There are 2 protein chains.
Amino acid sequence: MNIYDIASMAGVSIATVSRVLNGSEKVSEKTRARVMAVIEKEQYTPNLFARGLDQGTIHSVGIVVPDISDLYMSDCVSVLEKGLEKEGYSCILACSGYDQKSKVSSVQMLLDKMVDALILVGSTYAGKGGGPEETGYIRAAAGKIPVFIVNGIVDGPGIYCNICNDRQAVYEAASFLISHGRRNILFLTNSRSYSALQKLQGYKEGLIRHGIPVSEERILFPGDRIHAVRDYLLNTPLPAFDAVICAEDFLAVGAVKYAHARGIRIPEDLEIIGYNNSSLAISCEPELTSINSRVENLCTNTVDFLVRRLETDEPIPQAADFSGILTFRQTTLP
Amino acid sequence: MNIYDIASMAGVSIATVSRVLNGSEKVSEKTRARVMAVIEKEQYTPNLFARGLDQGTIHSVGIVVPDISDLYMSDCVSVLEKGLEKEGYSCILACSGYDQKSKVSSVQMLLDKMVDALILVGSTYAGKGGGPEETGYIRAAAGKIPVFIVNGIVDGPGIYCNICNDRQAVYEAASFLISHGRRNILFLTNSRSYSALQKLQGYKEGLIRHGIPVSEERILFPGDRIHAVRDYLLNTPLPAFDAVICAEDFLAVGAVKYAHARGIRIPEDLEIIGYNNSSLAISCEPELTSINSRVENLCTNTVDFLVRRLETDEPIPQAADFSGILTFRQTTLP
DNA sequence: TTGTAGGCGTTATCAG
DNA sequence: CTGATAACGCCTACAA
């Protein structure tokens with residue numbers, strides 16, 4: 001069933017059918033009705049590829065995430081997809097993993113799919129300080145279509161970033177802990193991504209600002225899973241500590257389990273702050289104080305940027321940032 | 001940059017370029033090399049829409065989930081995407097929500113995108129006992145392209161289902177609890193989907209099989225969030241109980257929090273079993289015994305079915321089922 | 001207001 | 001082994 005069939009059934013030319021399909025004004029009410037009747041009756045939908053061939057787009061955007069089963073990223077994708085669908089774009093999802101090669105090939109794959117824009121979710125796409133060649137593939141992609149990064153920064157023409165000010169958020173978390181007397185604060189992280197480094201920076205600045213020396217032995221990479229984190233803390237010789245700030249909620253859950261194993265009281269003897277305010281934070285016992293990284297805002301704004309970039313001539317900012325919000329629960333003192 | 005440009009730069013016809021592009025045998029090594037050189041140099045990629053127009057496909061599949069931020073579904077999508085990408089298909093993601101209207105429109109949207117197949121994730125697509133018209137849109141879609149359902153059953157030509165035998169899994173969970181003396185077992189659920197009803201059925205059969213009467217007042221719908229579940233259990237007059245089986249992990253976490261609030265010992269005074277063996281299960285304290293619903297197997301098998309259906313003539317089963325596995329942790333006695 | 005015809009970039013069939 | 005050429009289905013000047 002194609003436009004020719006509809007045309008002949010309605011006794012008009014394909015041009016007319018095309019016009020009613022695209023809502024052109026220049027069709028008499030009478031013929032429009034007749035054509036519409038046939039279209040509905042036949043449940044006709046125009047062939048997307050033919051249309052795409054002509055117009056160079058089928059209104060799709062590529063979303064790249066390292067791991068969609070990650071709580072943070074699936075939250076992002078959820079918001080992005082809803083927003084984009086509302087704006088008439090479909091989402092092609094690619095899970096790239098964390099290694100450079102597969103990130104590059106995921107982006108290339110999406111480019112070949114002729115998407116109108118690319119959204120990269122997560123600061124892993126901002127590189128790990130490996131120099132500009134690490135993000136070269138992103139700049140190259142941005143030369144062809146606009147690229148939007150959620151929670152990561154890469155600069156270059158055609159690249160637009162929305163980030164949570166992780167440094168500031170962790171700085172405030174550290175200040176909060178210090179304000180009620182904690183001085184031996186551990187920092188747990190699991191990555192050297194842009195975002196992770198910003199958090200670390202916030203931690204360091206928080207200490208320094210309050211006259212506490214930063215000691216490298218309090219900055220830890222305890223592993224990638226809850227139990228690994230717990231065991232690391234149990235088995236590694238560590239300086240004394242009375243608080244922990246974590247770059248991810250699962251790290252904080254690991255710290256909580258460590259405390260349980262050792263019989264340490266939370267929050268009296270040990271305060272713990274997580275990051276992302278995910279469902280882990282409320283599953284945990286006691287429930288985690290955690291930093292809300294504003295996924296909803298970040299992603300909504302990303303969609304907004306994207307639509308404006310693609311459909312208008314307004315210039316849009318290269319970057320926008322949102323501040324994180326400390327959400328208090330039971331692993332910190334009031 | 002199109003196939004004509006490449007052809008003239010290489011001094012051949014477009015037919016020859018097309019041949020080397022598609023790996024045809026009938027090209028001399030010499031010209032193939034010459035053409036390839038130009039292609040690489042220009043970084044030429046054929047226009048997907050033109051190809052799609054000719055072949056009727058761009059090798060994409062539509063994945064529909066009610067909510068990608070749900071732990072279970074993002075796990076599924078993760079496995080599906082990886083498998084499909086490996087097979088050369090791209091994934092168009094649609095988040096349909098739970099209401100009938102938007103499910104129908106998500107499916108229609110994907111059909112309009114000319115995907116080669118549809119994968120529906122979650123038993124919500126199997127309807128809620130509202131009769132066959134509830135799943136009519138799925139059967140209609142299956143008339144055009146193959147439809148695969150992960151963890152739900154709809155029957156009809158062109159519909160292929162992969163499910164976890166939820167009924168059996170819960171039956172075994174109930175039997176296990178009964179085997180060490182529990183007789184007052186609550187069942188917590190949050191849905192009337194096919195899967196949820198199967199779980200309920202397994203619960204009932206487990207009791208009956210062991211001579212325990214089923215009482216409707218032990219079958220509860222305590223809400224959609226952890227704290228709501230806890231509060232429901234705290235505030236609702238309930239018959240005495242010494243064990244809880246839950247249709248979702250978050251319900252079990254709610255039950256754990258209820259027990260904490262009441263000072264009830266787990267597992268001595270109350271045993272709790274969750275469902276899906278998600279990350280909530282290990283964040284919780286004590287950690288949840290939970291049923292592993294075999295997401296990995298379900299989804300891998302779905303991809304396998306899909307590829308066989310699309311690329312071979314082998315007949316494939318209308319349905320395959322996997323059995324759930326009880327994963328023991330700290331909310332049950334050994 | 002409506003219709004005709006050319007073009008979008010590939011693939012595939014047929015001659016050569 | 002290679003090259004013309006006709007589809008594929010739609011959109012849109014340009015004509016009528």
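These numbers come from a predicted model, not from an experiment. Each chain gets a letter, A, B and so on, in the order the sequences are listed, and its residues count up from 1.
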Counting only side-chain nitrogens and oxygens, does [X] get under 4.0 Å of the OP1 or OP2 atom of [N]?
X	N	answer
A:Arg51	D:dC11	yes
A:Asn22	D:dC11	yes
B:Thr31	D:dC1	no

Whole-Å distance between [N] [atom2] and [X] [atom1]?
X	N	atom1	atom2	value
A:Ile58	C:dC8	CD1	C1'	15 Å
B:Met1	C:dC8	CE	C1'	16 Å
A:Tyr4	C:dA5	OH	P	11 Å
A:Ile14	D:dG9	CD1	P	12 Å
A:Leu53	D:dA7	CG	P	17 Å
A:Asn47	D:dC11	CG	C1'	13 Å
B:Asp112	D:dC10	CG	C1'	15 Å
B:Ile3	D:dA4	CD1	P	13 Å

### Message
Less than 6.0 angstrom from the centroid, inside 45 degrees of the normal: does B:Lys103 satisfy that with respect to the ring of B:Tyr125?
### Response
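Here B:Lys103 passes the 6.0 Å and 45° test against B:Tyr125.
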Please determine, for the side chain of [X], which listed nucleotide ([options]) has the closest atom?
X	options	answer
A:Ser18	D:dC11, C:dT2, C:dG9	D:dC11
B:Val27	D:dT2, D:dC10, C:dT2	D:dT2
A:Asn2	D:dT2, D:dG9, D:dC11	D:dG9
A:Thr16	D:dC10, C:dC14, C:dT2	C:dT2
A:Ala15	D:dT2, D:dT12, C:dG9	D:dT12
B:Tyr44	D:dC11, C:dG9, D:dG9	C:dG9

### Message
I'd like to know if A:Asp304 pairs up with A:Arg308 as an ion pair, taking the criterion as any Lys NZ or Arg NE/NH1/NH2 lying under 4.0 Å from an Asp or Glu carboxylate oxygen.
### Response
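Yes, charged N to carboxylate O under 4.0 Å.
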### Task
Start with the C-alpha gap between A:Tyr160 and A:Phe305, add the side-chain angles, then the distance that decides, and say whether ring-ring contact (aromatic ring centres under 6.0 Å, His included) holds.
CA-CA 8 Å; A:Tyr160 307 90; A:Phe305 275 15; 7.1 Å; no
Over all strands shown, is [X] touching base, sugar-phosphate only, or nothing at heavy-atom distances under 4.0 angstrom?
X	answer
A:Val12	sugar-phosphate
B:Leu48	nothing
A:Phe49	nothing

### Message
Quick check for you: to the nearest 0.5 Å, what is the distance between B:Leu53 atom CG and B:Leu48 atom CG?
### Response
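One finds 11.5 Å between CG of B:Leu53 and CG of B:Leu48.
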### Query
What about A:Asp54: does its side chain form a donor-acceptor pair under 3.5 Å with the base of C:dG7?
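Yes.
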### Query
Taking the side chain as C-beta and beyond, is there a heavy-atom pair between A:Asp67 and A:Ser69 under 4.5 Å?
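In short, these two side chains touch, coming nearer than 4.5 Å.
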### Message
Pairing donors with acceptors under 3.5 angstrom, does anything connect the side chains of B:Arg32 and B:Ser28?
### Response
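Per modelled atom types, B:Arg32 and B:Ser28 side chains form no pair under 3.5 Å.
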### Residue met sooner reading DNA chain D from 5', once B:Arg32 and B:Ala50 are mapped to nucleotides
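Going by which nucleotide is closer to the 5' end, it is B:Arg32.
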